[in-house]
Amino acid sequence: VQLQASGGGLVQPGGSLRVSCQASGFRHGYKGIAWFRQAPGKEREGVACIETSDGKTFYADSVKGRFAVSRDDAKDTVYLQMNNLKPEDTAAYYCATDKYPFPCVVVVKSTGIGLDIWGQGTLVTVSS
């Protein structure tokens with residue numbers, strides 16, 4: 001089982017970017033996908049999370065109203081649409097999940113410790 005993150009890049013402040021996380025090898029589907037980010041010298045933080053059971057979404061306060069997480073079940077892909085990007089959004093973005101169900105409402109406020117399936121990071125740089 002694996003997650004493949006992609007779509008990072010350089011964007012100007014106020015711009016938009018969409019990063020993707022494709023899941024593969026999950027025989028019974030994945031339980032949910034959480035997005036995390038880690039800026040240089042900072043601790044990893046939760047950004048957004050989507051539950052596959054009912055599609056509910058959860059966000060960190062720092063990105064509410066600017067970021068949106070969605071999924072395309074036909075493609076086994078979860079997207080993180082990022083709008084009105086700020087320099088402080090610059091970070092490596094990671095998607096993660098677990099072989100067991102997990103509560104997005106808790107995970108989105110965590111560093112992701114305990115989730116055991118991670119994609120590689122995709123770098124988002126917000127700069128003029």
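Because only heavy atoms are used, hydrogens play no part in the values below, and waters and symmetry mates are left out as well, while side chains stay in.
Atom-to-atom distance recorded for Ile117:CD1 and Cys95:SG is 10.5 Å, nearest 0.5 angstrom. We find the OH-CZ distance between Tyr93 and Arg44 to be 14.5 Å, quoted to the nearest 0.5 Å. Taken to the nearest 0.5 Å, the OG atom of Ser20 stands 9.5 Å off from the CD atom of Gln81. Here OG1 of Thr77 is found 12.0 Å from CZ of Arg71. Values are rounded to the nearest 0.5 Å. Atom CG in Leu123 sits 8.0 Å away from atom OG1 in Thr90 (nearest 0.5 Å). One finds the CG atom of Leu3 at 10.0 Å from the CG atom of Leu115 (value rounded to the nearest 0.5 Å).
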Does the pair Phe102 and Thr97 meet the rule for a side chain to side chain contact (heavy atoms under 4.5 Å, CB included), with working shown? CA-CA 8 Å; Phe102 57 89; Thr97 189; 3.6 Å; yes
Go through the steps for Val19 and Tyr94 under the test side chain to side chain contact (heavy atoms under 4.5 Å, CB included), then give the verdict. CA-CA 10 Å; Val19 292; Tyr94 301 86; over 6 Å; no
Would Val124 and Met82 count as a side chain to side chain contact (heavy atoms under 4.5 Å, CB included) if you check the C-alpha gap in whole Å, the side-chain angles of each, and the deciding distance to 0.1 Å? CA-CA 10 Å; Val124 174; Met82 302 180 288; 3.8 Å; yes
Test side chain to side chain contact (heavy atoms under 4.5 Å, CB included) on Phe36 and Thr111 and set out the steps. CA-CA 7 Å; Phe36 297 86; Thr111 62; 5.8 Å; no
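In terms of the salt bridge (charged side-chain N to carboxylate O under 4.0 Å, His left out) criterion, Glu51 has no residue partners (sequence neighbours excluded).
Grouping the Ile, Leu, Val, Met, Phe, Trp and Tyr side chains by contacts below 4.5 angstrom, directly or via other members, places Tyr79 apart from Val107. A continuous path of ILVMFWY side-chain contacts below 4.5 Å connects Val106 to Phe58, so both sit in one hydrophobic cluster.
Shortest non-hydrogen contact noted between Ala39 and Ala91 is N-CB, 3.8 Å. In terms of heavy-atom proximity, Ala5 sits nearest to Thr122 at CB-CG2, 4.3 Å. For Lys64 against Asp61, the heavy-atom pair with the smallest separation is NZ-OD1, 3.2 Å. Among all heavy-atom pairs drawn from Trp118 and Gly112, the shortest one is CZ2-O, 3.4 Å. Heavy-atom minimum distance, Pro13 versus Ser128: CD-N, 3.7 Å.
Between Val78 and the choices Ile50, Asp73, Thr52, the side chain to side chain contact (heavy atoms under 4.5 Å, CB included) rule is met once, by Ile50. Of the candidates Asn83, Leu85, Asn84, Thr57, Phe67 forms a side chain to side chain contact (heavy atoms under 4.5 Å, CB included) with just one, namely Leu85.
The closest side-chain heavy-atom distance from Asp89 to Arg37 is below 4.5 Å. When side chains are defined from C-beta on, Tyr59 counts as touching Val69, because their heavy atoms get closer than 4.5 Å. For the pair Gln120/Gln4, a side-chain contact is recorded, criterion being any heavy-atom separation below 4.5 Å from C-beta on.
No side-chain donor-acceptor contact under 3.5 Å links Gln22 to the backbone of Asp76.
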